[in-house]
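So the structure is just underneath, and the comments pick up after that.
So you know, we letter chains A, B, ... as the sequences are listed, proteins then strands, and number each from 1. All values below come from the heavy atoms of this structure, side chains included, with hydrogens, waters and symmetry mates left out.
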Amino acid sequence: MTFKSILDEIENNLKKVLNDMSIDDVSFSVEPAKPGFGDVSSNVSFLLAKQLKKSPQDIAKSISERFSHCTNTLVLKSEAHASGYLNFFADWKKLSQLILSESYLDTFGDIDLGKGTTIVVEHTSVNPNKALHIGHIRNIIIGDTVSRILKKANYNVNVLNYIDDSGLQVADIVVGFKHFGYDQEPPNGKKFDHYCGDDVYVKTTEKYEKDAGLESIRKNVLKDLEDGNSETAMFADKITRRVLAGQLETCWNLDVFYDCLNFESHIIRSGLWDKIFANLKDMGLLEFENDGKNAGCWVIRGDGKEEDKVIVRSNGTATYIAKDIPYAAWKLGMLEDPFCYERYPEVQSSDRDLWQTTLDSACTASKNFTGDKVVTVIDSRQARLQKIITYLMGRFKSVPDAYVHLGYESVTLSSETAKTLGLDTDGKQAQMSGRKGLYVSADSVYDMLREKTKEETVKRHPEMDVAETEKIAHHVSVGTLRYEMIKQDLDKMITFDLTKSLSLEGDTAPYIQYSYARASRILEKSGKVPSIDVDFSLLCENSELDLIKNIGLFNLQVRDAANNLSPKVIARYCHELAVSFNSFYEKSKVLNLDDACLENSRLCLVNSFKITLKKALDLLGVKTPDRM
RNA sequence: GGGCCUAUAGCUCAGCAUGGAUAGAGUGUUGGACUUCUAAUCCAAUGGUCAAGGGAUCGAAGCCCUUUGGGCCCA
């Protein structure tokens, strides 16, 4: 058990006390205390003030008095603070032993929210016509981190990437290659996805703008794409798969992995839409409009003042939301699976198989990538559309929150960075645009970070061999990028600035990784494996107790993060852990102490910290080099 | 015109869900700490009418209403 043990003990005893005082059950809080106010605090007396017509302080006093007669194993004493808070002081000798010995277990930090149920997390979902830019990276890292957290919370997680390989953006690069004569091989070794995005896509779009007559070519290509057997569609398939390979390379480099790639073209050709269309009509969720501006269309009624949403136009064609509905229903496992599955030709990592949908019925692999719940990570510009899907899925599947849209605000470019890309924004931030070529690619940011961290590492360790330097630089760069993408709240916009994003000090991944490296070095130099059989009363400095407390809060943080689908909770926790370790590091010497018992106790704490931080950083997909 | 998000220190952000104690970090600026387990570190100083106004409450950064600035979506 962890710090949760003492919280539970206090809560139970408080309930007994309230029962003795014949007070109705109130839902009071029992939380880790703010520094300087003991170890645990409760607001119970504030909540009772009205009912008992007494001051919070008087109530706290009488509860505290009764509390002292309860059987307390982890609490030394309780105290009624003048403010009215009830504060508790832990018996650290016992609590430290509980927390530290627990931290050595593989299951440390686990919390059973999912009960082994299956949940789908879909993220990335970028058109396969360009390289990933820094805005896509926010989506990808949020999705990957959330899926790691949910796994820790005992969900069985299926990670999907939806490949939109049949839309307008794909048509555009096909036009570029087929009609504007772009070579299929990128110049001087440029990555294919970058070539398609930077050159073919952007320049093809420019040509449309100059010559409106080209629009008909574009429409014809789009039409050809719909027929899967057309020569155009086969060509598009070849191109988009090459781009996809480039995108996946970027993701894998950032330690982001998937379970299955779902191709939009397969969804369209599978006939899923016809099935769901019939269902929607049966359930009365779709209505046929007889008059008004949507006459002849099938619509979903808007909520309140909202406009009705057209699903099928009067000419019988489905709008693009129509693709999302059957797909969402499929993800929730509510439709018979029309797909077959085959392995993706490239291996993404040693322990994670990657599959892809196929309509080739010769592939008989039996797979199920659906879930009881679905989390779809898409930026909040899609909120309106996602709200409709959420509503419909709620009607289909009677599980509350079965379909969750995890939205986040987008990444914009700072005016300085926009300027380096040739756009003067007059001091304002700028929205990225793949079409206009206004973006910063993920690969280029990674490359810059790696150059800088390599330089730093060489400066610190001139003696180190190149392979190790490269490895450290890689892990620190990936960590930095990942941490930057999730350390703030999802509903806060990120204004990306090339210069500022390269900072490696302060609230960054390297700061946290550095604390890990320090702990590693202490243990390495000690040359011993610390024994857990130590006298925990020796760990009595404030900095030591703080660190132990933070270690003990791990599973509670995982619970919060999973419940709220909030990756930043874990980011902040890792930072807190590192801060308390660095503070301990300054104040308490570990090695070469005269007192062997004390030395072992501290080594034990260092080891416990190291293990916990590694587990927590693993949830963020941040690696932990032993030296840096 | 309708909807969503946002406003806290010079700058970037925690805290808000579930109202209570002294509003916290980083960064910046200024000063200090490496013959001591790695200074990508630590310590100190500096810096806040929590956008404005109103309301309910014993009590509001947090809840409700209005207004304003910024971003986005739909029309």
Side-chain angles (χ1 to χ4, degrees), chain A residues 27-29 31 33-38 41-47 49-50 53 55-57 60 81-87 293 302-307 309 379-387 407-410 412 414 428-431 452-453 456-457 459-461 472 476 479-480 484 487-495 497 500-501 503-526 543 560 563-564 566 568-569 571-572 575-576 578-579 581-593 599 602-603 606 625-628:
Chain A
S27 58
F28 53 89
S29 72
E31 289 170 332
K34 290 215 279 186
F37 295 101
S41 302
S42 174
N43 66 349
V44 63
S45 28
F46 292 112
L47 304 178
K50 202 166 231 173
K53 296 200 165 58
S55 78
Q57 197 196 353
H81 189 267
S83 63
Y85 264 107
L86 203 49
N87 296 329
K293 65 173 178 177
D303 194 16
K305 286 180 184 170
E306 278 181 32
E307 295 267 322
K309 192 84 192 173
D379 75 74
S380 38
R381 284 176 295 195
Q382 304 265 5
R384 183 178 288 259
L385 183 63
Q386 286 296 312
K387 200 174 154 194
Y408 60 92
E409 288 294 317
S410 52
T412 62
S414 72
K428 284 188 181 172
Q429 56 195 228
Q431 291 287 323
K452 186 168 176 186
T453 50
E456 284 290 322
T457 312
K459 204 158 58 182
R460 282 153 217 277
H461 302 285
I472 292 169
V476 174
T480 305
E484 286 305 306
K487 76 170 175 187
Q488 53 208 317
D489 207 72
L490 299 182
D491 48 25
K492 229 117 193 180
M493 207 167 56
I494 293 180
T495 306
D497 187 275
K500 287 179 186 159
S501 68
S503 165
L504 306 174
E505 285 161 19
D507 186 8
T508 63
Y511 173 92
I512 301 167
Q513 289 171 310
Y514 184 69
S515 71
Y516 182 89
R518 279 177 147 183
S520 282
R521 283 296 274 178
I522 293 177
L523 290 162
E524 187 191 320
K525 283 212 165 178
S526 81
S543 59
D560 268 13
N563 271 334
N564 300 319
S566 180
K568 79 162 181 223
V569 170
R572 301 198 70 80
H575 185 251
E576 276 295 305
V579 167
F581 178 77
N582 278 330
S583 161
F584 159 79
Y585 186 92
E586 292 295 324
K587 283 172 193 149
S588 308
K589 210 164 147 20
V590 178
L591 298 180
N592 305 318
L593 302 180
E599 184 169 320
R602 287 184 178 167
L603 276 173
V606 171
D626 286 310
R627 302 174 66 188
M628 59 182 281

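- A salt bridge links K487(A) with E484(A): the closest approach of a Lys/Arg side-chain nitrogen to an acidic carboxylate oxygen falls below 4.0 angstrom.
- Nucleotide A75(B): unpaired (no Watson-Crick or G-U wobble partner with both distances less than 3.5 Å).
- For the P atoms, the distance linking U12(B) with G53(B) amounts to 23 Å, nearest Å.
- Only the P atoms considered, A44(B) is 23 Å distant from U49(B), to the nearest whole Å.
- The backbone N or O of I512(A) lies less than 3.5 Å from a partner atom in the side chain of S515(A), making a donor-acceptor pair.
- Nucleotides U68(B) and A52(B), compared at atom C1', are 7 Å apart to the nearest Å.
- Ranking U6(B), A17(B), C37(B) by closeness to the D491(A) side chain, first place goes to U6(B).
- Taking atom NZ of residue K428(A) and atom C1' of nucleotide G71(B), one finds them 10 Å apart after rounding to whole Å.
- In this structure, the NZ atom of K500(A) is 10 Å from the P atom of C13(B), given to the nearest Å.
- Across the protein-nucleic acid pair, E31(A) atom CD and U18(B) atom C1' stand 8 Å apart, rounded to whole Å.
- Across all strands, N592(A) comes closer than 4.0 Å to no nucleic acid atom at all (heavy-atom distances).
- On the P atoms, C58(B) is 15 Å away from G19(B), given to the nearest whole Å.
- Distance noted for atom C1' between G47(B) and C13(B): 16 Å (whole Å).
- S41(A) comes within 4.0 angstrom of a base, heavy atoms only.
- Side-chain atoms of Q57(A) do not come within 3.5 Å of backbone N or O of G84(A) as any donor-acceptor pair.
- Nearest-nucleotide mapping onto RNA chain B: of I472(A) and S83(A), the residue sitting toward the 5' end is S83(A).
- For the atom pair CG (L490(A)) and CG (D379(A)), the distance works out to 11.5 Å, reported to the nearest 0.5 Å.
- As judged by a 4.0 angstrom heavy-atom cut-off over every strand, A82(A) is placed among residues making no nucleic acid contact.
- The side chain of Y585(A) contributes an N or O atom lying less than 4.0 Å from OP1 or OP2 of A39(B).
- For D379(A) and C73(B), the CG to P distance is 9 Å, given to the nearest whole Å.
- In this structure, K492(A) reaches the A7(B) phosphate: one of its side-chain N or O atoms is under 4.0 Å from OP1 or OP2.
- If you check U27(B), C13(B), G71(B) against the side chain of E505(A), the one that comes closest is U27(B).
- Between D497(A) atom CG and G26(B) atom P there is a gap of 21 Å when expressed in whole angstrom units.
- Picking from A21(B), G71(B), C42(B) the nucleotide with the shortest atom distance to the side chain of H81(A) gives A21(B).
- Nucleic acid contact class of K525(A) (heavy atoms, under 4.0 Å, all strands): sugar-phosphate only.
- No engagement by T480(A) is indicated, since no non-hydrogen atom pair under 4.0 Å with the nucleic acid exists.
- Of the candidate nucleotides A17(B), G71(B), A14(B), A17(B) has the atom lying nearest to any side-chain atom of N564(A).
- The OG1 atom of T453(A) sits 7.0 Å away from atom CG of L504(A), with the distance rounded to the nearest 0.5 Å.
- For the OP1/OP2 pair of C72(B) and a distance below 4.0 Å, the side-chain nitrogens and oxygens of R384(A) include no atom meeting the criterion.
- Base-pair partner of A44(B): U30(B) (Watson-Crick or G-U wobble, both distances under 3.5 Å).
- With hydrogens and angles disregarded, a donor-acceptor distance shorter than 3.5 Å links the side chain of S380(A) to the backbone of Y408(A).
- Side-chain nitrogen and oxygen atoms of Q431(A) include at least one within less than 4.0 Å of the OP1 or OP2 phosphate oxygen of C72(B).
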*asked:* Before you tell me yes or no, could you show the steps for Y511(A) and N582(A) under side chain to side chain donor-acceptor pair (under 3.5 Å), namely the whole-Å CA-CA distance, both residues' side-chain angles and the distance that decides it to 0.1 Å?
replied: CA-CA 10 Å; Y511(A) 173 92; N582(A) 278 330; 3.1 Å; yes
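- The aromatic ring of F37(A) does not sit over the base of A21(B); the criterion of centres under 5.5 Å apart with planes under 30° is not met.
- With both ends at atom C1', the span from A14(B) to A7(B) equals 15 Å, rounded to whole Å.
- Nearest heavy-atom pair, S583(A) versus S543(A), reported as atom, atom and distance to 0.1 Å: OG-CB, 4.0 Å.
- Whole-Å rounding puts the L385(A) CG to C73(B) P distance at 14 Å.
- As judged by a 4.0 angstrom heavy-atom cut-off over every strand, Q382(A) is placed among residues making no nucleic acid contact.
- When the P atom is used for both U8(B) and A51(B), the distance is 6 Å, rounded to whole Å.
- Within 4.0 Å (heavy atoms only), S583(A) reaches no atom of the nucleic acid at all.
- Glycosidic conformation at C65(B) (O4'-C1'-N9-C4 for purines, O4'-C1'-N1-C2 for pyrimidines): anti, more than 90° from 0.
- Nucleotide C63(B) has G55(B) as its partner under the Watson-Crick or G-U criteria, with both atom distances under 3.5 Å.
- Residue contacts shown for N43(A) are absent, as no nucleic acid heavy atom lies under 4.0 Å away.
- For C13(B), the paired nucleotide is G24(B), the pair qualifying as Watson-Crick or G-U wobble because both relevant distances are below 3.5 Å.
- Along RNA chain B, the nucleotide nearest to L47(A) and the one nearest to I522(A) differ in position, and the one closer to the 5' end is contacted by L47(A).
- Atom OH in Y516(A) sits roughly 16 Å away from atom C1' in C37(B) (whole-Å rounding).
- Counting any heavy atom pair closer than 4.0 Å across all strands shown, R381(A) reaches sugar-phosphate atoms only and no base atom.
- Atom CG in L490(A) sits roughly 16 Å away from atom C1' in G71(B) (whole-Å rounding).
- Ring-centre distance between Y85(A) and F46(A): below the 6.0 Å cut-off.
- Nucleic acid contact for K587(A): none, since no nucleic acid atom lies under 4.0 Å from a heavy atom of the residue.
- Across all strands shown, Y511(A) has heavy atoms under 4.0 Å from sugar-phosphate atoms exclusively, and none from any base.
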